[in-house]
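All chains are named by letter (A, B, ...) in the order of the sequence lines, taking the proteins before the strands, and each is independently numbered beginning at 1.
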Amino acid sequence: GAGVSQSPSNKVTEKGKDVELRCDPISGHTALYWYRQSLGQGLEFLIYFQGNSAPDKSGLPSDRFSAERTGGSVSTLTIQRTQQEDSAVYLCASSQGGTGSFEQYFGPGTRLTVT
Amino acid sequence: GEDVEQSLFLSVREGDSSVINCTYTDSSSTYLYWYKQEPGAGLQLLTYIFSNMDMKQDQRLTVLLNKKDKHLSLRIADTQTGDSAIYFCAERSGGYQKVTFGTGTKLQVIP
């Protein structure tokens, strides 16, 4: 079946430009997460959605970062005025809502390079 | 806030057992997870354990949980070269769906 998909898979942008990263979660998954993984680093939590609302935005590094989710499905992570330190792999994951183990299913990631 | 720590690197010989360790700080953790990340890929759930358990076995994988010491381990029996990857420990607290990940342990399997 279809898993979590992300686009683009790779993005090279110039410093100062805006970028949009897209995540398509597994159908029916109400929870959606964005993480950032810098080279050789662990996963840095960015934001979490339950449905279309974001109960926890605590991980967004600065006000240049924003995210939205529409229709309880697709999510877009936007980075404005990109900086070189934004270069990383951005991972999206989704999980079922309700009670349970909340296994997260990850997409393959978008590798962002800011030159 | 929550914190999850792992050693960064582990090297083992093919056929030996691997033990990857993890410590966490949140005493209200309900689920603890092990994820595997192969090069260039996203994370894949290997196994998880509920906090009222102290052991879970799944084929070559054994998870041990010491809730008192907030210590989690993953043992891989008969480690194969295909097990080479980064292994992430993660924990979730209470009813909240946020999951906190460790920094990952890179497992190198020497043929």
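Two rings, from Tyr35(A) and Phe101(B), have their centers less than 6.0 Å apart.
Cluster membership check: Phe45(A) does not share its hydrophobic cluster with Leu32(A), using side-chain heavy-atom separations under 4.5 Å among Ile, Leu, Val, Met, Phe, Trp and Tyr. Residue Phe106(A) is grouped with residue Trp34(B) when hydrophobic side chains (ILVMFWY) are merged at heavy-atom distances under 4.5 angstrom, including chains of intermediate members. Placement of Ile79(A) and Val74(A) in two distinct hydrophobic clusters is found when ILVMFWY residues are connected by side-chain heavy-atom separations under 4.5 Å, directly or transitively. Cluster annotation: Val12(B) is connected to Val63(B) through the hydrophobic network of ILVMFWY side chains, with a link wherever side-chain heavy atoms come within less than 4.5 Å.
Using a 4.5 Å cut-off between heavy atoms, Gln44(B) makes no contact with chain A at all. Residue contact with chain B, scored on non-hydrogen atoms closer than 4.5 Å, involves the side chain of Leu91(A) exclusively. Heavy-atom distances place no part of Phe50(B) under 4.5 Å from chain A, backbone and side chain included.
Atom NZ of Lys106(B) has 12 or fewer neighbouring heavy atoms from other residues, nucleotides or ligands inside a 6.0 Å radius. Atom CD of Glu85(A) has more than 12 neighbouring heavy atoms from other residues, nucleotides or ligands inside a 6.0 Å radius.
In this structure, the side chain of Tyr33(B) does not engage the main chain of Gln104(A) through any donor-acceptor pair within 3.5 Å.
A distance of 6.0 Å separates CD of Gln37(A) from CD1 of Ile86(B), quoted to the nearest 0.5 Å. The distance from atom CG of Leu45(B) to atom OH of Tyr105(A), rounded to the nearest 0.5 Å, is 7.5 Å.
Proximity of Leu43(A) to Thr100(B): side-chain heavy atoms (C-beta onward) are nowhere separated by under 4.5 Å.
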